[in-house]
Number of protein chains: 2
Amino acid sequence: MNVKIKDVAREANVSVATVSRVLNNIPLVNDETKKRVLDAIERTGYKPNAIARSLKMQKTNTFGIMIPDISLPYYTQVVRGVEDVCNIYDYNIILCNTDSEPSKEEKYFDVFMEKQCDGILYIGKGLKQNLVNKIDSSRVPVVLGAVSDVMGRYHSVAINNEQASFDVTKYLIENGHESIAFFSDEDEASFVAQERKKGFVRALKKYNIKENPIFELKGKYSIKGGYDLMDELLTNAELPTALVALNDEMALGAIRKLEDAGYKVPDDMSVVGFNNFQISEWFKPGITTVAQPMYDIGAISARMLIKILNNSKPEEKAVTVPHELIIRDSVRSIKE
Amino acid sequence: MNVKIKDVAREANVSVATVSRVLNNIPLVNDETKKRVLDAIERTGYKPNAIARSLKMQKTNTFGIMIPDISLPYYTQVVRGVEDVCNIYDYNIILCNTDSEPSKEEKYFDVFMEKQCDGILYIGKGLKQNLVNKIDSSRVPVVLGAVSDVMGRYHSVAINNEQASFDVTKYLIENGHESIAFFSDEDEASFVAQERKKGFVRALKKYNIKENPIFELKGKYSIKGGYDLMDELLTNAELPTALVALNDEMALGAIRKLEDAGYKVPDDMSVVGFNNFQISEWFKPGITTVAQPMYDIGAISARMLIKILNNSKPEEKAVTVPHELIIRDSVRSIKE
DNA sequence: CTGAAAGCGCTTACAG
DNA sequence: CTGAAAGCGCTTACAG
């Protein structure tokens with residue numbers, strides 16, 4: 001069908017070996033020969049077959065990337081960061097949506113292995129044991145993005161989730177809030193949610209505030225999820241003065257429910273979110289949140305993977321990227 | 001390194017041909033032999049090498065997907081639709097961000113060809129001539145998603161953009177608006193924008209309303225873009241009573257600017273958007289818009305590509321998916 | 001029902 | 001500086 005190296009060789013009156021050498025810029029080719037080959041390539045419109053090359057080289061220049069759901073705005077920027085770096089170094093990415101389901105994660109891991117991916121980027125809530133086993137027995141390089149590894153065994157790029165949660169909770173407390181609700185992930189296995197919970201609790205402890213389990217609710221990581229959780233929270237006789245929601249979608253849903261129920265934000269309740277997703281700044285009220293450098297997380301992860309493949313171990317195993325408290329209009333000071 | 005078919009063959013005391021046959025479920029293998037092979041596969045932990053298979057079969061079971069920017073919410077759902085269908089039929093996708101730049105589109109097209117993609121899904125503003133040439137000379141199956149082909153030469157899945165634009169404009173007119181602004185794409189080559197412009201003009205004509213070029217502005221397809229365009233529009237002595245923005249981000253930015261300038265939406269100006277992106281329903285005011293079935297566009301595109309590869313030509317070359325006018329709170333009737 | 005062998009399109013050690 | 005040949009890990013027509 002298409003023209004192959006053999007055709008170019010015939011056209012240029014050289015061997016396939018020579019064509020391959022000019023293709024790969026191996027220096028020991030005579031300039032004149034090289035020119036003849038280049039001309040032949042031009043004339044025949046030859047395009048290398050990366051599959052054949054991969055088979056021989058045992059390297060595909062492709063990464064597998066696992067992501068919960070590409071249609072959620074959060075993850076999307078991470079992927080863009082990955083792709084931009086891959087682009088520079090001539091890698092491509094195969095994308096899979098796992099919905100954070102362990103069974104899909106495992107299935108796709110196998111697919112990545114069959115397709116001989118050179119490395120894998122895991123984005124999700126945390127590695128489950130089955131996946132860990134597969135990774136270990138396959139020995140592919142893996143980098144975790146946006147979540148760090150419990151054991152510290154894998155490379156990772158993430159914010160310090162515990163500290164980030166501590167910071168935003170502290171901000172609330174400094175504004176006089178002592179009764180704070182916490183909307184978390186219904187998925188108990190979420191390592192990120194666990195870390196944020198720890199930071200929340202640490203902040204309360206530090207300021208001698210008692211935790212109130214009634215105000216700690218778990219639900220879906222979505223606008224609707226936050227809306228429903230607030231619906232539930234509002235059934236309490238007494239309400240908290242503030243809320244920490246584990247992402248901006250939840251925060252937003254909570255705010256909408258409060259409004260629908262006749263409350264005002266931040267006048268009647270202060271709300272903070274997480275992640276600073278693209279829309280948060282345009283909302284009314286603007287949502288105070290903790291930003292993660294999503295794009296950078298993707299870009300750094302990709303660079304790490306490439307470094308590992310080049311046998312130059314990256315300096316750090318677990319890269320911590322900075323988080324940032326973004327103060328907007330959804331928190332009110334109630335200090336007298 | 002890893003175990004290969006040869007190792008399994010030795011382990012099972014058969015030839016590689018036989019192993020390959022059981023791997024591919026070719027029926028003419030003796031049941032006992034088959035069992036022996038299956039056991040050997042189990043024991044050795046053999047995983048097929050898809051690259052080697054692809055080389056031999058001249059088929060990679062991967063699609064290349066070109067998309068302007070994966071970090072924009074609009075495109076993200078299309079990709080999810082594609083991926084879900086691919087998943088069912090054992091295809092994978094290689095993802096590329098083109099930023100709608102022809103040079104990147106061409107570059108990635110070459111990458112897809114080198115990686116021997118079985119088909120290509122193009123999502124963008126419209127095919128430019130250079131790309132068309134490449135596609136034609138390569139003869140890969142291509143499906144256009146969310147945009148149709150000017151010439152009708154390629155397979156495509158999209159809404160009827162002209163009609164959609166007509167419908168939403170008509171809705172405004174029926175609500176008494178006769179002075180309507182139009183925020184469009186700064187990229188003149190956008191086929192989608194051209195189509196929507198046609199529909200807009202057709203609606204005005206039908207109701208004998210004169211076009212007012214001063215109210216037709218072009219800018220960036222973003223919240224900021226809409227904000228800036230409204231800033232510009234507001235310099236006019238006389239203002240329109242309504243605005244058609246070519247996406248919801250623009251509509252949203254325009255609304256924010258209006259509010260910042262002391263106007264109310266829809267009281268002082270009605271605004272409609274396009275695409276119904278996830279957030280539009282949660283905004284205040286809720287944005288009236290035209291919904292496209294993004295997920296379906298992706299899913300149908302992927303199915304089309306698979307059909308083409310199976311030599312069963314899809315029924316239609318250009319599939320038109322339904323658009324839907326979603327009425328919320330950003331339009332006010334000014335009919336007396 | 002099974003095996004030996006050719007071949008998919010490349011790269012590269014080896015020899016000259 | 002260049003070529004013949006082996007081999008990457010598979011599949012499949014051919015022969016038995």
Side-chain angles (χ1 to χ4, degrees), chain A residues 1-38 40-41 44-62 90 110-118 138, chain B residues 1-38 40-41 44-62 90 110-118 138:
Chain A
M1 44 210 315
N2 265 329
V3 20
K4 2 193 155 154
I5 224 174
K6 210 189 197 175
D7 304 316
V8 177
R10 193 186 313 116
E11 181 78 14
N13 244 304
V14 295
S15 71
V16 294
T18 301
V19 177
S20 175
R21 286 192 189 101
V22 349
L23 245 21
N24 291 293
N25 266 314
I26 293 170
L28 37 64
V29 182
N30 182 304
D31 275 356
E32 239 174 285
T33 320
K34 187 169 177 176
K35 190 175 174 328
R36 249 193 5 258
V37 172
L38 257 14
I41 289 172
T44 54
Y46 170 77
K47 292 267 180 279
N49 180 327
I51 296 295
R53 182 163 209 278
S54 291
L55 177 59
K56 179 65 190 175
M57 303 291 273
Q58 306 282 63
K59 183 165 189 323
T60 54
N61 268 39
T62 106
D90 259 322
D110 287 341
V111 171
F112 288 160
M113 291 299 90
E114 292 192 7
K115 296 229 170 180
Q116 315 296 116
C117 289
D118 296 332
S138 78
Chain B
M1 47 212 308
N2 265 328
V3 18
K4 0 189 158 157
I5 223 175
K6 208 188 195 174
D7 304 315
V8 177
R10 193 185 313 115
E11 181 79 14
N13 243 307
V14 295
S15 72
V16 295
T18 301
V19 177
S20 175
R21 287 191 189 99
V22 349
L23 245 20
N24 291 292
N25 267 314
I26 293 170
L28 36 64
V29 182
N30 181 305
D31 274 356
E32 241 173 281
T33 320
K34 186 169 177 174
K35 191 176 174 324
R36 253 199 353 266
V37 172
L38 256 16
I41 289 173
T44 54
Y46 170 76
K47 291 266 181 281
N49 180 328
I51 296 294
R53 182 162 208 280
S54 291
L55 178 59
K56 180 64 190 172
M57 304 291 274
Q58 305 283 61
K59 182 164 188 325
T60 54
N61 267 39
T62 106
D90 259 321
D110 287 342
V111 171
F112 288 160
M113 291 300 90
E114 291 191 7
K115 297 229 168 177
Q116 314 296 117
C117 289
D118 296 333
S138 78

Q: Calculate the interatomic distance between B:I5 atom CD1 and C:dG7 atom P; express it in whole Å.
A: 19 Å
Q: What nitrogen or oxygen pairs link the protein and nucleotides 13-15 of chain D at under 3.5 Å?
A:
| residue | atom | partner | partner atom | Å |
| --- | --- | --- | --- | --- |
| D:dA13 | N6 | B:R21 | NH2 | 3.1 |

Q: On the nucleotide D:dG9, are OP1 or OP2 found under 4.0 Å from the side-chain N or O atoms that A:Q58 carries?
A: yes
Q: With sequence neighbours excluded, what pairs up with A:S15 under the side chain to side chain donor-acceptor pair (under 3.5 Å) test?
A: A:T18
Q: So for atom NZ, which belongs to A:K6, do other residues, nucleotides or ligands contribute more than 12 heavy atoms lying within a distance under 6.0 Å?
A: no
Q: Within residues 25-34 of chain B, which residues have any heavy atom lying less than 4.0 Å from an atom of DNA chain C?
A: B:L28, B:V29, B:N30, B:T33
Q: I'd like to know if the side chain of A:R21 and the backbone of A:I26 have a donor-acceptor N/O pair within less than 3.5 Å.
A: no
Q: Once pairs are restricted to Watson-Crick or G-U wobble with both distances under 3.5 Å, how does DNA chain D read as a dot-bracket string, [ ] for crossings and | for other-strand pairs?
A: |||.||||||||.|||
Q: Apply side chain to side chain donor-acceptor pair (under 3.5 Å) to B:S20 and list each qualifying residue two or more places apart in sequence or on a separate chain.
A: B:N24
Q: Using side chain to side chain donor-acceptor pair (under 3.5 Å) as the criterion, list what pairs up with A:D118, not counting sequence neighbours.
A: A:T60
Q: Using whole Å, report how far CE of B:M57 lies from P of D:dC8.
A: 21 Å
Q: Tell me the interatomic distance from A:K4, atom NZ, to C:dG7, atom P, rounded to whole angstroms.
A: 11 Å
